[in-house]
Amino acid sequence: MTFIVSPPPTISLQQLNKPNSNSTKEEWIFSSLKSPKTPTQLKTLHAQIIKTGLTQNDLVFGQLFLCCSISDSMNYAGQVFDKIPHPKLFFYNAMIKGYSINGAHNEAVRLYSLMRLSSVTCDSFTFPVVLRSASSLKRIGVGEELHGLVVKTGFVERLILQTALIDMYCSCGLSDRGRAVFDRVVERDVICWNTMVSGYVKCGELGKAEELFGEMPVRNVSSWNTLVDMFCKSGDIVTARRLFDGMPDKDVISWNAMISGYAKIGDYQASRELFDAMPIRNVVSWNVMLTCYVNNRKFLEALELFRAMQVSDIKPNEVTVVAVLPACAHLGALDLGQWVHAYIDRNRIKMDLYVNTALIDMYGKCGSVEDAQVVFDNAVVKDTFMFSTMIEVLAMHGKPEEAFQLFSYMENVSIMPNDVTFVGLLKACSHGGMVDIGVKYFKMMRNKFRLIPKVEHYGCMVDLFGRAGRLEEAHELIKSMPMEPHPIVWGTLLSACRIHGNVKLAEEIAICLLELEPENCANYVLLSNIYSKAGRWEEVGKLRNIMKEKGVVKKPGCSSIEVNNGVNEFLAGDRAHPQCKEIYKTLNEVVKRLKVEGYNPCTSSALHDTDLDEKEQSLIYHSEKLALAFGLLSTDNKTPIRIVKNLRVCEDCHIFMKMVSKYYNRQLIIRDCSRFHHFSNGSCSCSGYW
DNA sequence: ATAGGGTTAG
């Protein structure tokens, strides 16, 4: 391998266009290649290049590769490149740069290695691009090799390369070596300083970063931004804000960094204040604000903001839809989710791994396994996250066999499962009552995949044993856990006691559980249900007094239903809905009708020991029943009614929904806090396991 | 150089 010591000769456009018969054509092709093209347009242009004999023209042919990179068609570029017998330096550079621009750093480094094996030599154009990729991939080996070449070729005096080297070393966690390069730089510009400061940040050496920031002879907005972001990320929001307020100039990035700082500590109101106050917003600003709402479970606010974004002049991108889809998923807003999906198609938003996974999750959580499956099948690239999500969706919908099959498929295509994959598999088992298979997977994760079971996996196993009525085994498993059992694990067992009416064990568990989580209402409710099922009203009363003493309030049941793209929320006994009167009228009619068919309110689901009538009243106005009534009166017979509830569906509502599905001939799809219930013709897909 | 993204036990 030889090295070019002097800068390579460059061909100017004037030279390229020196008069000949093809010059106008060349010029036209060259300039067409400067803007993004559709795959068909690319093919046509490629054909024209071949026809005009321009394949020997570095600049034009190289531009084809660069055009592919801005057209999201690096696959096509790769196909063309692979057919070239002896690619020239210019083509390598264009391809490597294309991969790098598209974030395909692995491909960039792969091609660089290929180039090194060929007789083509790198030039000053190659180095910074590959260094950037090595930096992103934290490939110190590649980076060191490049450093050696840069020194050998004498390019090391160039500031751009020195800066790239500093960044590469710091990204690989070697701030000292980055600093060594930095110290040798004779004339540093702001970018060089900034790179070193942010290099220290990357390496977690915040003190050194701050110190170097102090030494800077000149600072620009980016320098300040780095520091503001650094304090935001380290949780020191006060210092960040002080710097932010003291900045001589602010740009969008400064505002975005500060907003995301508040988002991280959960202060979505402060985030929103800044968002409203900022002079100019870009996509990132909207995305930060959206994810801020979603991370703080303000899903309705997120959707509202997304609507506001539609009327702004900022176009949503991949990140936007990945922020909005979980909001749809949580609220069960299938219509809006579908709308977002259509929006993605219409606006050619790139369907990357994130977008596809978010879509699968959204369809799953909104009750449409079929659509989730279609997105999954159509996804060209699939990773562990996507498989885990799909397995989880199948589990949630009570399709254990399909979940297991998908796992086998995953093994066949050599995608490594992770701990979350196994949570999905174990959930599939417990929702299907398949204890032995669950035990098999639980052992497999350790033995075959070297994954150490976490509390979550033990929780699944306790659930699995517990639901199947093997309460003692579940209890033993908790006692044998290598880690401290999380209250959730005890709660799971308590819930199993409720299903199987085991008051004795329930009391034993409740003693420690109520001590661990004295403020969690769910535990009191569970225990109370267990007592009332056994007819032990004195204990129910005692429990109610304890709750009153400790100030524990029952978390209100809340159900939502989406009609005409609007999400309607109902609390138990809620009278806030504008169509309240009609809703209650419909509900009372339904109850009357079902009573004729033999419906008998199952009062053990009611929390309080009140008289029967009152108990019945409180059951009738459970939030999911209100949502159902609203659904019945605002949709036609053929539309499935989809309801999302924040708590578990109670026994009474479960029976009630079964009957509605039969006597009103309606398909009801209800999501509770842990799974789906598909009701049709008097039966439910959960077959009693919930 | 600097801001934003997907799965997880009751």
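Just so we're clear, the structure is a prediction, and the values are computed from it rather than from any experiment. These numbers come from the heavy atoms of this one structure, side chains and all, not from hydrogens, waters or symmetry mates.
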(request) For A:Lys454, report the nucleic acid contact type (base, sugar-phosphate, nothing); a contact means any heavy atom under 4.0 Å. (result) nothing

(message) Does the structure place the NZ or CZ of A:Lys382 under 6.0 Å from the centre of the six-membered ring of A:Phe387, at an angle of no more than 45° from the ring's axis?
(response) no

(request) Give me the ring orientation class for A:His475 and A:Trp490: parallel if the planes are under 30° apart, tilted from 30 to 60°, perpendicular past 60°. (result) perpendicular

(message) Considering every strand and a 4.0 Å limit on heavy-atom distances, what is the contact class for A:Val321: base, sugar-phosphate, or nothing?
(response) nothing

(request) Would you kindly check if the NZ (Lys) or CZ (Arg) of A:Lys554 is within the cone defined by 45 degrees around the ring axis of A:Tyr524 and under 6.0 Å from the six-membered ring centre? (result) no

(message) Any base atoms under 4.0 Å from A:Thr357, or only sugar-phosphate, or nothing? Heavy atoms, all strands.
(response) base

(message) If you take any heavy atom closer than 4.0 Å to DNA chain B, which residues from residues 382-391 of chain A end up in contact?
(response) A:Asp383, A:Phe385, A:Met386, A:Ser388, A:Thr389

(message) Heavy-atom count check: over 12 atoms from other residues, nucleotides or ligands less than 6.0 Å from A:Glu215 CD?
(response) yes

(request) For A:Asn356, report the nucleic acid contact type (base, sugar-phosphate, nothing); a contact means any heavy atom under 4.0 Å. (result) nothing

(message) So A:Lys350, base contact, sugar-phosphate only, or nothing? Heavy-atom distance under 4.0 Å.
(response) nothing

(message) Taking any heavy-atom pair under 4.0 Å as a contact, classify A:Lys250: base, sugar-phosphate, or nothing.
(response) nothing

(request) Tell me, please, the opening and closing nucleotides of DNA chain B, 5' to 3', among those with an atom under 4.0 angstrom from a non-hydrogen atom of chain A. (result) B:dA1 to B:dG10

(request) Return each pair, listed once, that meets side chain to side chain donor-acceptor pair (under 3.5 Å) where at least one residue sits in residues 421-430 of chain A; pairs must be two or more places apart or across chains. (result) A:Ser388-A:Thr421, A:Glu392-A:Lys427, A:Asn418-A:Thr421, A:Ser430-A:Asp463

(message) Within a 6.0 Å radius of atom CD on A:Glu484, are there more than 12 heavy atoms belonging to other residues, nucleotides or ligands?
(response) no

